[in-house]
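Reminder, nothing fancy here: chain letters follow the sequence lines and each chain counts from 1.
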Number of protein chains: 2
Amino acid sequence: MGRYARKVSTGPAFKRLPRAVREQQMLDSAVQVFSRRGYHGASMDEIAEVAGISKPMVYAYLGHKEDLFVACLHREGTRMMEAIAGAAAPDLPADERLWRGLRAFFGFVGAHRDGWAVLYRQARGEQRFARELSVMRARLVEVVSGMLDHALRAEGREAAETELEVVAYALVGATESLADWLADRPEADPEKTATRMMNAAWLGAGQLLSGATWHPPTV
Amino acid sequence: MGRYARKVSTGPAFKRLPRAVREQQMLDSAVQVFSRRGYHGASMDEIAEVAGISKPMVYAYLGHKEDLFVACLHREGTRMMEAIAGAAAPDLPADERLWRGLRAFFGFVGAHRDGWAVLYRQARGEQRFARELSVMRARLVEVVSGMLDHALRAEGREAAETELEVVAYALVGATESLADWLADRPEADPEKTATRMMNAAWLGAGQLLSGATWHPPTV
DNA sequence: GCGTAACCTTACGCATGGGTAGGTATGCTC
DNA sequence: GAGCATACCTACCCATGCGTAAGGTTACGC
């Protein structure tokens, strides 16, 4: 006989909640703990404890540690893509589309630093999750490179796919890097960071050095 | 009595080598295994085995796992900085300095994909190594931002430190991202990748979309 | 030629943490 | 209010892998 009976004699110390709710709580805790400790550093015990639940429940609902991490990846990734997609407006000029995408992205990272850390700091380097991660990154790259392609065709020109891909990679990488910069500086302003990023990305170092600046459109 | 005596009866199965040589062998193996398996996935046993030596030797020479990893980080990081610094020439125009730095960097990554993986894929996410890593990245950012500052002052202008830092971060991030892109594609050409990076960084998306291109100076 | 330091080994201790077995309360259905 | 699925628990197993103890052998100085 476990100690469960003893606790119950004073009434249940826990609340019974429907599965869907508990699952979200667990994912919240998991994202938090994974982001603090890293994939390996995070223990299932701690995740369960933070969620206010016992370990077997985590296994019952979300499976093994890898499954749990993948679930976190999916949830946070989906949220991020939605945030960005929501800012898109296909018929705007390229610079304004890029600007809106960047602003949405930095806004998301600023608001979900934990999720961001899980997605891009922890998942890297674990080749176990390479597939999941590359799928997500590919979607991002596709969005950006599609945008560039669209803008090019509007001018009657086009470029090799590899070229577009490389530029898109560079853009995504620069943005990720600044996102890290932002995530480490709680006092920094996402909007301002997005503007700076836009300047660097749109104008390039050459024009920046010549004194050119890009300003967000006055809404 | 161990089994050591038995082996010796047929002559020593190993070579006795001076410490300095063994240490380098161990570091070579460690970089290789860390890059393949990740920090946690790598076992001291495997590192020792790859080095053709037994585990206690690793502990005797290079200490605990963390120490060993830091030693890898330092060696590879130093090599990288040397490769880049060797390409620098302070009195050249900014674009050519950037170009040379980029070429050296991509050349290094192309030639030391394992070292690169250890440095930037594995070390991230382990906050244990955050200090080491941020020091190295800061040196990189400092080089880039110093270069930008130098170029600005040459035109009689200047910019706030934060501005320069952000641009430098974006540049470094974009470059790291393309380095990953490169490391995953054995058939890709470092030189070409450097040129593309230069185009994106120097000209910016805006000019690229207008059809501008940057070409490496003909040596 | 002989001691001693440097090199190198096998074999094990033991903590950590993923994963599970087995059992208890609660609420919904009929 | 009996039955059953669901939500939930405590307590444990055990593989993995870091780190070490104890000892054997070879080279080199003197």
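No more than 12 heavy-atom neighbours from other residues, nucleotides or ligands sit within 6.0 angstrom of CZ on B:Arg131.
To the nearest angstrom, P of D:dT20 lies 15 Å from CE of B:Met57. In this structure, B:Tyr59 places its OH atom 16 Å from C1' of C:dT10, rounding to the nearest Å. Between the C1' atom of D:dT6 and the CD1 atom of A:Ile53 lies a distance of 13 Å, rounded to the nearest Å. We find that CG of B:Leu62 is positioned 15 Å from C1' of D:dG19, with the value rounded to whole Å. Straight-line distance from the CZ atom of B:Arg16 to the C1' atom of C:dC7: 4 Å, rounded to whole Å. Remark: P of C:dG27 and CZ of A:Arg19 are 19 Å apart, rounded to the nearest angstrom.
Side-chain atoms of B:Lys55 and base atoms of D:dG19 include a donor and an acceptor less than 3.5 Å apart.
Within the structure, every side-chain polar atom (N or O) of A:His64 is placed at least 4.0 Å from both OP1 and OP2 of C:dG18. For A:Arg22, no side-chain nitrogen or oxygen approaches OP1 or OP2 of D:dT6 to under 4.0 Å.
Checked for salt-bridge contact, A:Glu191 and A:Arg196 miss the test: no charged N lies under 4.0 Å from a carboxylate O. Ion pairing between a basic and an acidic side chain is recognised when a charged N comes within 4.0 Å of a carboxylate O; B:Arg79 and B:Glu76 show such pairing. Between B:Arg137 and B:Glu176 there is a salt bridge, since at least one side-chain N of the basic residue sits less than 4.0 Å from a carboxylate O of the acidic one. The pair B:Arg128-B:Glu126 meets the salt-bridge criterion, since a charged nitrogen lies less than 4.0 angstrom from a carboxylate oxygen.
Residues from residues 35-51 of chain A that place a heavy atom under 4.0 Å from any atom of DNA chain C, listed by number: A:Ala42, A:Ser43, A:Met44.
Partners of B:His150 under the ring-ring contact (aromatic ring centres under 6.0 Å, His included) rule, at least two apart in sequence or in another chain, do not exist in this structure.
Between A:Pro56 and A:Tyr61, it is A:Tyr61 whose nearest contact on DNA chain D lies nearer the 5' terminus.
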